[in-house]
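This report concerns only the one structure given below.
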Amino acid sequence: MAGFLRPGERAPVAFGLSFDSDRGEAGGAAPVYNKNERLALAEQRRRLPIYAHRTELLYLVETHATTVVVGETGSGKTTQLPQYLHEAGWTQGGKLVACTQPRRVAAMTVAARVAEEMGCRLGQEVGYAIRFEDVSTPGVTKIRFCTDGVLLREMMSDPLLLKYSVVMVDEAHERSLATDMLLGLLKKVQRRRPDLRVVISSATIEAEKMARFFDTSNVRRPRAHAELPAEGAAPSRSPALMSVEGRTHSVQVHYLEAPTNDYLTAAVEAAVAIHREDLPGDILIFLTGQDECETVVRLLEDEGRRLQRSKLKWRLKPVALYAGLPAAHQLGVFEPAPRGVRKVVVATNIAETSVTLEGIVYVVDSCFAKQRCYNPLTGLESLLIAPISKASAAQRAGRAGRVRPGHCFRLCTEEDYESKLPATTVPEMQRSDLSGAVLQLKSLGVDNIMTFEWLAPPPAETMIRALETLHALGALDLDARLSRPVGTQVADLPLDPPLARMLLASSELGCTAEVLTVVAMLSVQSVWAPGGKREVDEAKARFSVAEGDLISYLNVWKAWGESGRSKKWAVAHRVMHRSMLRAADIREQLQAHLRRLGLRQGSALEGVSLLDHAEALTTVRKALAAGMFINAAKLTEELAVKLSDQQDMGASVYRLVRSAGGDAAAAKLRIHHSSVLFRCRPQWVLFYAAEQNDSGWYEMRDVLAIESAWLTELAPHMYRLVPLNPQLRR
DNA sequence: GAGCACTGC
């Protein structure tokens, strides 16, 4: 294999790998226990690095409207800071301290830990709120952990966040769409609420930017507010910035001596080389997708068999980890490896932030990831393999230093790392469709979207496209104001605007029962289980109908319901039980929203005779079309000629209907293999999502076959009939 | 003709 070099190292050692510094240092098994476990909780709290900064932090929050805290991993910021604020009196007078997290599990686990430290029951003084679950008690709860999405929703009924005295935004450097929106809104709220304190927790790389963003010391305060009676000294409008050291071990980084164009083989070689050194510790390999992970697991299993002859102390045990994996298969990943076994976790980006693994000492990083990108000119998304950022690479490397000093092997040369990887990842805000975000801002009273202060403004084209989409859906009027009732109702529903729109249409057409199901199932990750391609195809065929995927989902839902929502049924039919349960939750939540909005509910298919079935189904399809008509595609006569390679020859090409020319007209679409319409060629289709992959094709998923006349009927503002022959025009 | 990084309301 190609050897590895440490930064600044010139001559390669025999194998490029050398852990001499590690030998004899900690010979035994890697410790994976919390060595403070037996200490009283209070003593453990005092031992956290952040404890030494307690007084200073409280002083900064007291005297500054915004405080940016750079707290490295293990500093204790997430669990301690909210408690310090509570102890210092910020929760007196019925106010709460909020702490937002980008992920649901984080909000739940952190809340549980803090409740334990404070010696109270979860949901009393300490609570959390995530979608479907509000574990907090009004009047009792003082510290509330929640996802940033929940706090955003909460702002729709409490725009000034009057319930809260302090809002702490954790993991702000991750720059999720919801975090960026929240930051912009918090800055706006601060102008109206000088008493509110904002605490931003961020990694070093984004900290300065956060502080600059919240600095309003040069902005003149509006006169109306200057006249407010001063309650003590006003806090400084220049943010405070402070760092708290973390508690992690050093990670030594190694690079390839020569570049590779096959990072899968390189990853396997690196893992084998590490294994041969015969030192303790698990290995974590970062790749880009499910297929890659499975391939490398197989290759490592082969290598493991071969290595069994070579008298090593440990046996290799490769395991894959990606989001689509059924929970049962994930178990092996988190269980500590038994004695004499070295775990090799082959993971996607999920291991970068979403899950933490114990016992990892070695990280092998392909330095690639699949990145979602939005093209506002076509209105379509891409999911392409791209080099990760240096910030991402640092995060991945850090996964090696949780239990003891570790090593990170990047599968590129140091020169390429320095010159080809961008410093930071482009924030989600700048590579997503923003129609949902724009609508939410409108409903929060941000009238002029173009002048809203973003931490990083999205492309103007994306904003314009979002306004156009919302206008086409009828959610905005010609002055780009929220329409009534459609606009306010679409904004009220916790759904993508197109899905919300079809739900409203279904109420008018009397088929909410069916559309609720479809919308809920479109809102979950994947209905079908991964694995055995043929098996899934066969299982799917049992539910397939010519009208397309959305109608087939109705059959899956019905059959799952008739089985008594049985997990056994789901497994037998290659349906993801987890997804179905979540869809059921979403469906129920949406139904409650419909009731609250006072919308009529009904079923088109229930109790309908076979004779009237087709007509009833057309009603459902039209309701669905009312939300998706923007994504209309028509089958062309063209046959694909060598788009990427000969495999594509003969595939049916679809073109967007809405485009008059330009980038959108050039986009070649085809029906995704996962669609039940893959082998059919309906003339006219609508799709919920299409994304470009590395083959160059835009693949349509969740397809609905329609009749062309529906387009002009449902969306005359967008589509009109063009006579084929001008002479036929009357 | 072959396949879905990760979150969130």
Side-chain angles (χ1 to χ4, degrees), chain A residues 100-107 129-133 146-156 171 174-179 181-182 286-294 321-325 347-355 368-373 381-386 388 392 425 428 431-432 436-437 439-440 491-497 499-500 523-534 536-537 576 579 582 585-586 589-590 593 639-640 643-653 670-675 678-679 681 689 691 693-695 697 699 701-702:
Chain A
T100 71
Q101 297 291 322
R103 279 168 295 278
R104 297 155 55 91
V105 264
I130 57 178
R131 188 178 189 177
F132 309 129
E133 249 184 291
C146 61
T147 52
D148 37 25
V150 162
L151 198 65
L152 271 182
R153 277 280 151 196
E154 215 170 292
M155 290 184 83
M156 291 175 73
E171 314 282 2
E174 284 188 25
R175 306 295 306 275
S176 75
L177 198 89
T179 301
M181 279 176 73
L182 199 54
F286 280 103
L287 300 175
T288 73
Q290 177 180 323
D291 261 8
E292 287 182 5
C293 293
E294 298 291 2
L321 176 65
Y322 46 85
L325 216 54
T348 62
N349 238 354
I350 193 172
E352 191 179 307
T353 49
S354 302
V355 302
F368 282 99
K370 287 198 184 172
Q371 273 227 315
R372 187 173 294 282
C373 222
E381 291 184 321
S382 311
L383 188 63
L384 306 175
I385 294 174
I388 60 170
S392 234
T425 311
E428 205 183 353
R431 45 190 180 87
S432 310
L439 186 69
Q440 211 167 356
D492 264 353
L493 292 164
L495 285 171
D496 259 4
L499 297 182
S523 301
V524 299
Q525 197 61 35
S526 169
V527 171
W528 305 105
K533 301 174 201 283
R534 258 229 326 268
V536 178
D537 277 1
M576 290 260 272
S579 297
R582 188 166 162 81
D585 273 343
I586 294 174
Q589 188 192 29
L590 294 174
H593 275 288
L639 286 182
L643 202 70
S644 65
D645 55 22
Q646 67 270 37
Q647 294 166 6
D648 298 320
M649 294 280 281
S652 317
V653 182
R670 67 179 177 191
I671 296 177
H672 191 275
H673 193 95
S674 69
S675 169
F678 179 60
R679 284 190 173 76
R681 299 179 173 201
E691 80 193 3
N693 56 29
D694 284 290
S695 75
W697 281 95
E699 314 239 30
R701 280 168 213 264
D702 299 316

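Reckoned from all heavy atoms, side chains included, excluding hydrogens, waters and symmetry mates. Below, chain A is the first sequence line, B the second, and so on; all start at residue 1.
Note: CE (M155(A)) to C1' (dC9(B)) measures 15 Å, nearest angstrom. Remark: P of dC4(B) and CE of M576(A) are 15 Å apart, rounded to the nearest angstrom. In this entry the distance linking CD of E294(A) with C1' of dA5(B) reads 15 Å, nearest Å. When the C1' atom of dT7(B) is taken as reference, atom CG of D148(A) falls 9 Å away, rounded to whole Å. If you take OH of Y322(A) and C1' of dC4(B), they are 11 Å apart, rounded to a whole angstrom. Atom-to-atom, CG of L439(A) to P of dG8(B) comes out at 21 Å; the value is rounded to the nearest Å. Across the protein-nucleic acid pair, Q290(A) atom CD and dC6(B) atom C1' stand 14 Å apart, rounded to whole Å. Atoms CD (E381(A)) and C1' (dC4(B)) sit 13 Å apart, rounded to a whole Å.
For E171(A), there are no salt bridge (charged side-chain N to carboxylate O under 4.0 Å, His left out) partners, not counting sequence neighbours.
As judged by a 4.0 angstrom heavy-atom cut-off over every strand, I130(A) is placed among residues touching the sugar-phosphate backbone only. Residue F678(A) is in base contact, counting any heavy-atom pair closer than 4.0 Å across all strands shown. Heavy atoms of Q525(A) sit under 4.0 angstrom from at least one base atom. Here A323(A) lies in heavy-atom contact (under 4.0 Å) with sugar-phosphate atoms only. The residue I350(A) sits close only to the backbone: its heavy atoms come under 4.0 Å of sugar-phosphate atoms, none of a base.
OP1 or OP2 of dC9(B) lies within a sub-4.0 Å distance of a side-chain N or O belonging to R104(A). Between T147(A) and dC9(B) there is a side-chain polar atom (N or O) within less than 4.0 angstrom of OP1 or OP2. Proximity of H672(A) to the phosphate of dG3(B): no side-chain N or O atom is located under 4.0 Å from OP1 or OP2. T348(A) has a side-chain polar atom (N or O) that falls below the 4.0 Å cut-off from OP1 or OP2 of dC6(B). Put simply, N693(A) has a side-chain N or O that comes within less than 4.0 Å of OP1 or OP2 on dC4(B). For R103(A), no side-chain nitrogen or oxygen approaches OP1 or OP2 of dC6(B) to under 4.0 Å.
Among W528(A), W697(A), F678(A), the single residue meeting the ring-ring contact (aromatic ring centres under 6.0 Å, His included) criterion with H673(A) is F678(A). Looking at T288(A), L384(A), N349(A), T348(A) one by one, the single match for side chain to side chain contact (heavy atoms under 4.5 Å, CB included) with K370(A) turns out to be T288(A).
Comparing P494(A) and E699(A) by the nucleotide of DNA chain B that holds the closest heavy atom to each, the one mapping nearer the 5' end is E699(A).
Checked against dC4(B), dG1(B), dC9(B), the side chain of S674(A) finds its nearest nucleotide in dC4(B). Nearest nucleotide to the side chain of S354(A), out of dT7(B), dC9(B), dA2(B): dT7(B).
From L383(A), atom CG reaches atom CD of E699(A) across 11.0 Å, with rounding to the nearest 0.5 Å. One finds the OG1 atom of T100(A) at 11.5 Å from the CD atom of E154(A) (value rounded to the nearest 0.5 Å).
Side chain of T147(A) to backbone of I130(A): no donor-acceptor contact under 3.5 angstrom is found.
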